[in-house]
Protein chains: 2
Amino acid sequence: MHPTFQHHDHSHCAGDSLARAEALMAERGARLTPVRKRVLEILLEAHKALGAYDVLQRLAAEGYGNQPPVAYRALDFLVEQGLAHRIQRLNAFTACMHAGEAHAPAFLICDRCATVAEAPVAPIRAALEAAAAEMGFAVERVSLEATGLCPACREAA
Amino acid sequence: MHPTFQHHDHSHCAGDSLARAEALMAERGARLTPVRKRVLEILLEAHKALGAYDVLQRLAAEGYGNQPPVAYRALDFLVEQGLAHRIQRLNAFTACMHAGEAHAPAFLICDRCATVAEAPVAPIRAALEAAAAEMGFAVERVSLEATGLCPACREAA
DNA sequence: CTATGTATGTAATATTATAACAGGTCAAGA
DNA sequence: TCTTGACCTGTTATAATATTACATACATAG
């Protein structure tokens, strides 16, 4: 089974990711400011897709600004930097589990518990780009999102 | 080059699709009422993704209801019946070019002109399902959307 | 220290989508 | 024929998501 769906010590993987993010940002000269860092932590802690307003609520509760742009800006920054992904289907955001690894993510979204896993699908992206090229279309960005039931919810059902 | 991106007599392909849609609905005992039919026509005529409110505006101009649910309900019906697709990335809808054919669509969305083409990617879906299955995840629905430049806009740029 | 670019805070508003209910249409069965 | 029930349409109201515009603060290079 994929790690995302296993029971695991969550504070661990969150801590690792955070450390990696800080290293990456330092390397790039990008600023992981307090708001941005906190937003990333929030996403990591949640370990599922959160809406911008969910994030905003938590920020506000901690003394950060409580207007939408505060959340959206931080989230946009994280997405640009590859530290988070936007899940179109859910109008929501999730922390990236492979920051810096240059991956072509596919998302598996559980309809029940809203857990989001990243599946490895580099070959799929290659196939799509080939098909598109044949049609004369130059692909820039791909989003591949599947809904269904994760192992846990599958058992429960 | 793919037909969608070629210059073509548009009223033709729209007419064909409409006829096919009517046949399909008759076969299934589903009701392609005037609003629904008109919405499908609007999508076919536009030949690109339209937002629900774009559709609504045109409906209202023609004497149909002018409140959001009028558009959303018709669009939802068309999507359920496989006569249209929802493009998550754009919060928009487009007529299906292969109604009734049981296809797993991938969408190629031009960043410039917003034209949307359906690319044939059945094998891709199969690959994704296999990868997901290995992780214990049961896929129900997939959306695969790529942005980039269509042939025409590519030349223009 | 001060000019510059970048980040944050806030108010206002735009865009997308749904809930809840009333009335109309139509076909099947009493 | 009349009634019933399913479904479609219309409308009001509101929720949820996202952006624009502008003011303020903050870091840092010159």
Side-chain angles (χ1 to χ4, degrees), chain A residues 21-22 25-26 28-43 49-81 83-94 109 114 143 145, chain B residues 21-22 25-26 28-43 46 48-81 83-94 109 114 143 145:
Chain A
E22 294 198 288
M25 294 302 95
R28 290 184 196 162
R31 295 168 56 193
L32 193 61
T33 62
V35 204
R36 292 166 175 177
K37 183 172 164 183
R38 189 65 196 111
V39 169
L40 180 54
E41 285 170 5
I42 288 168
L43 290 180
L50 292 183
Y53 282 74
D54 294 334
V55 171
L56 180 57
Q57 216 178 312
R58 297 181 208 212
L59 286 179
E62 296 172 26
Y64 295 95
N66 70 343
Q67 299 302 315
V70 174
Y72 281 104
R73 283 194 289 233
L75 289 165
D76 288 349
F77 170 87
L78 295 174
V79 169
E80 261 167 35
Q81 295 294 327
L83 300 177
H85 299 291
R86 176 178 214 129
I87 310 295
Q88 307 280 352
R89 243 189 140 82
L90 303 178
N91 294 321
F93 301 81
T94 181
I109 307 161
S143 76
E145 304 177 358
Chain B
E22 295 198 288
M25 292 304 94
R28 289 184 198 162
R31 294 169 56 192
L32 192 60
T33 62
V35 204
R36 291 168 176 176
K37 184 173 163 185
R38 187 69 195 111
V39 169
L40 180 54
E41 284 170 4
I42 287 168
L43 292 180
K48 58 172 195 150
L50 292 182
Y53 282 75
D54 294 334
V55 171
L56 180 57
Q57 216 178 312
R58 299 182 205 212
L59 285 178
E62 298 173 24
Y64 295 96
N66 70 342
Q67 298 303 315
V70 173
Y72 279 104
R73 283 193 290 231
L75 289 165
D76 289 349
F77 170 86
L78 294 173
V79 170
E80 261 167 36
Q81 295 294 326
L83 300 178
H85 299 291
R86 176 177 217 132
I87 310 296
Q88 308 280 352
R89 236 183 147 87
L90 304 178
N91 293 320
F93 300 83
T94 184
I109 306 162
S143 75
E145 302 177 358

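As the structure is a prediction and not an experimental result, all values here were calculated from the model. When reading the values below, keep in mind they use all heavy atoms of this one structure, side chains included, and skip hydrogens, waters and symmetry mates. So you know, we letter chains A, B, ... as the sequences are listed, proteins then strands, and number each from 1.
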#### Entry: For atom CZ of R31(A) and atom P of dC26(D), their distance in whole Å
11 Å
### Query
Nearest-Å distance, OH (Y72(B)) to P (dT11(D))?
18 Å
When rounded to the nearest 0.5 angstrom, what is the spacing between [atom1] in [X] and [atom2] in [Y]?
X      : Y      : atom1 : atom2 : answer
T94(B) : L43(B) : OG1   : CG    : 6.5 Å
M25(A) : T33(A) : CE    : OG1   : 11.5 Å
N66(B) : Y53(B) : CG    : OH    : 11.0 Å

### Task
For DNA chain C, determine which residues of residues 55-67 of chain B have any heavy atom closer than 4.0 angstrom to one of its atoms, and list them numerically.
none
### Query
Which nucleotide of DNA chain C is the first, and which the last, in the 5' to 3' direction, to come under 4.0 Å of a heavy atom belonging to chain A?
dA7(C) to dA11(C)
For [X], enumerate each residue passing the side-chain hydrogen bond (donor to acceptor under 3.5 Å, both in side chains) test, keeping only those at least two apart in sequence or located in another chain.
X       : result
R28(A)  : Q81(A)
E145(A) : none
E41(B)  : R38(B)

### Query
What are the residues of residues 33-41 of chain B, sorted by number, that bring a heavy atom to within less than 4.0 Å of DNA chain D?
T33(B), V35(B), R36(B)
### Task
Locate the shortest heavy-atom distance separating L40(B) from A21(B); write the atom from each residue and the value.
CD2-CB, 3.5 Å
### Summary
Minimal heavy-atom distance between A71(B) and L56(B), with the atoms involved, is CB-CB, 3.9 Å
side-chain contact (heavy atoms from CB on, under 4.5 Å) against [X], all qualifying residues, sequence neighbours excluded:
X      : result
A52(B) : Y72(B), L75(B), F93(B)
E22(A) : L32(A), K37(A)
R73(B) : P69(B)

Under 3.5 Å, which donor-acceptor pairs do the side chains of residues 83-90 of chain A form with other protein atoms, sequence neighbours left out?
residue : atom : partner : partner atom : Å
H85(A)  : NE2  : H103(A) : NE2          : 3.4
H85(A)  : NE2  : E118(A) : OE2          : 3.4
R89(A)  : NH1  : S143(B) : OG           : 3.4

### Message
Set out, in order, the CA-CA distance, both residues' side-chain angles and the distance that settles side-chain contact (heavy atoms from CB on, under 4.5 Å) for I42(A) and D54(A), then state yes or no.
### Response
CA-CA 10 Å; I42(A) 288 168; D54(A) 294 334; over 6 Å; no
### Task
Identify which nucleotide among dA13(D), dA21(D), dG10(D) has an atom closest to any side-chain atom of R73(A), counting heavy atoms from C-beta outward.
dA21(D)
Check nucleotides 28-30 of chain D for protein N or O atoms closer than 3.5 Å to its own N or O atoms and list the pairs.
none

### Message
If you assign V70(B) and N91(B) each to the DNA chain D nucleotide with the nearest heavy atom, which residue ends up on the more 5' nucleotide?
### Response
V70(B)
